Amino acid sequence: MSRRHAILDLGPPLRIEDLESANGTLVRKARELADRAETNELRPRSGGAFELVPGDRILLGSVVAVVRRRAGKSGEDRRVPGAQVAPIVREPAMQRLYEAAERAARGTISVLLLGETGVGKEVLAREIHRRSPRAQGPFVVIDCAGLLGSVLEGELFGHEKGAFTGATEARPGLFEVADGGTAFLDEIGELPSALQMKLLRVLEERTVTRVGGRSPRRVDVRFIGATNRALASEVEAGTFRRDLFYRVSAMTLDIPPLRERPADIPELCGHFIAEACHKLDRPPLPLSDEARAVLMAHRWPGNIRELRNAMEHAVLLCGGDVITPANLPLSLDVRSPEARSVAVSESARPPGQEPPPARAAVDGQTSARSAVQAPERTAVAEAAAPPVAPPASSVEEIRAALDAMERKRVIEALERCGGNQTRAAEALGISRRTLVTRLGEYGLPRPRKRGAE
Ligand SMILES: Nc1ncnc2c1ncn2[C@@H]1O[C@H](COP(=O)(O)OP(=O)(O)OP(=O)(O)O)[C@@H](O)[C@H]1O
């Protein structure tokens, strides 16, 4: 798929619009399926939105999607895997934050969400939209870090027919698409300065002018911005406009990192384990007390995203009927609390003095992991010497599955961080060097620096 391939407008009516993707968007209508024997004939659709009904098939690059009516009703139980997840909020500070968000949801003031990567900024933004009077309107995510300035401008403001070579049709921008709903400006701190000025105008005048257009169009949009950067310091440094900062932060909600939300961790673990088990068609696995202790002690630099990945990893590696520390990813320190305190006091040991013997006893068994963790080891290497007997599938299968999973995560992390390798590595809980090594191993190109061609 292209990075920005198509817009699926949930409507009603449900519509899809190709965003001039490299391979196009193809649609095969459900009613035609019944008429013909062959099932793989899809039609190119580009230029203009195309209405879809349940049963239609969409081909986006090599991805085939089938339109289906969603089962269940609104207010579904979040425990039903695959259903719209209601945020898990147990920590008192988070509950207060969600209460403040609920009050903000009633009005239209712009809200700025701050917090490290993976803390749940988008989840909170969706919740504000869901609880607002405009919940029936669209929720449009605008990734300010994902595109270069000129492309982003077209995405945001749309263009008129003939605005540039290849603009064969007029196209609305995302602000227009968000009319009557909420626009979520993710990574707003990355917005190029020329677009900061244009966004300010939208916020002040509530109008947008398409590229190549003359007359402004009125839009009724609620704005929610999010950033993991210290935006106030960027204002001081002059890289982010002060007037825009005040406009987008009529209310600021600062989401604490997961390590400061211990009360959330057990329920999040249970939820992600249930989800991962459901995908693999196995009954939910409990966590051993030791594994729980490791999870509570970890610092979670990648926050909830890292926790979700860790639970997927653990479920995949767990061959028994309880998840033990040996099933957790290498980025987590699975040593016993005593061994951890040895490591802390070791850093204070005078140079030249012998270290104490390493302790590797984990979970009542001597693990394949040593007490001193090699940061460059990959999860794949771990699978080669699994600490517990794998389930029915062979070691090769697990290795291949882990490989595919890791590769997918690396791609996802890079996409979410707009190609920024330092931030992607942080989100994955690995060093930048490890990330670069993995890109090589997985045959992935290194992202170009912003501003390059
Ligand atoms: N309170 C929560 N309950 C359940 N799942 C959550 C919660 N918060 C976040 N998640 C999950 O954690 C992952 C990361 O959340 P989200 O994308 O909202 O983070 P973010 O802060 O916007 O990340 P980034 O800064 O990288 O864009 C998602 O899979 C999301 O579903």
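In each ligand, atom 1 is the first atom listed, and ligand 1 is the first ligand listed. Every value quoted in this text rests on a predicted model; they were computed, and no experiment measured them.
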Check ion pair Arg218-Glu205 (N to O, under 4.0 angstrom)
no
Who's closest to atom 11 (C) of ligand 1 heavy-atom-wise, of Leu268, Val119, Asn228, Ile304?
Ile304
Can you name the closest pair of heavy atoms from Leu97 and Asp254 and give their distance?
CD1-O, 3.4 Å
Filtering Asp143, Leu307, Thr117, Val123 for the heavy atom nearest atom 26 (O) of ligand 1 leaves Thr117
For the side chain of Trp300 and the backbone of Glu260, is there at least one donor-acceptor N/O pair under 3.5 Å apart?
no
Please work out, at 4.0 Å between heavy atoms, whether the side chain, the backbone, both, or neither of Asp186 comes within that distance of ligand 1.
side chain
Hey, which atoms in ligand 1 end up nearer than 4.0 Å to a heavy atom of Arg308?
28 (C), 29 (O)
Check ion pair Lys408-Glu412 (N to O, under 4.0 angstrom)
yes
Using heavy atoms and a 4.0 Å limit, tell me yes or no: is Gly118 in contact with ligand 1?
yes
Run the side-chain donor-acceptor check on residues 173-187: report pairs under 3.5 Å with partners two or more places apart or on a different chain.
unit_1	atom_1	unit_2	atom_2	d
Glu176	OE1	Arg210	NH2	3.0
Glu176	OE2	Arg210	NE	2.9
Asp179	OD1	Asp220	N	2.6
Thr182	OG1	His129	ND1	2.6
Glu187	OE1	Arg423	NH2	3.2
Glu187	OE2	Arg423	NH2	3.2

Tell me, which pairs form a salt bridge (Lys or Arg N to Asp or Glu O under 4.0 Å) where one or both residues lie in residues 296-306, sequence neighbours left out?
none
Identify the two heavy atoms, one from Leu253 and one from Ala101, that lie closest to each other, and give their separation to 0.1 Å.
CD1-CB, 3.8 Å
What do you reckon, does Arg261 have a nitrogen or oxygen under 3.5 Å from a nitrogen or oxygen of ligand 1?
no
Quick one: closest heavy-atom pair of Ile255 and Arg261, and the distance?
CG2-NH1, 3.7 Å
Please work out, at 4.0 Å between heavy atoms, whether the side chain, the backbone, both, or neither of Arg416 comes within that distance of ligand 1.
side chain
Specify side chain, backbone, both or neither for Phe184, according to which of its non-hydrogen atoms lie closer than 4.0 Å to ligand 1.
neither
Short version for His271: what comes under 4.0 Å of ligand 1, heavy atoms counted, is neither
Could you say whether the N/O atoms of Gly120 and ligand 1 ever approach to under 3.5 Å?
yes
The atoms of ligand 1 lying under 4.0 Å from a heavy atom of Pro87, numbered in the order shown, are 1 (N), 2 (C), 3 (N)
Below 3.5 angstrom, do we get any N/O pair linking Phe272 and ligand 1?
no
Verify, without hydrogens or angle tests, whether Asn327 (side chain) and Thr324 (backbone) share a donor-acceptor contact under 3.5 angstrom.
yes
Within the 4.0 Å heavy-atom cut-off, what Ile255 brings close to ligand 1 is neither
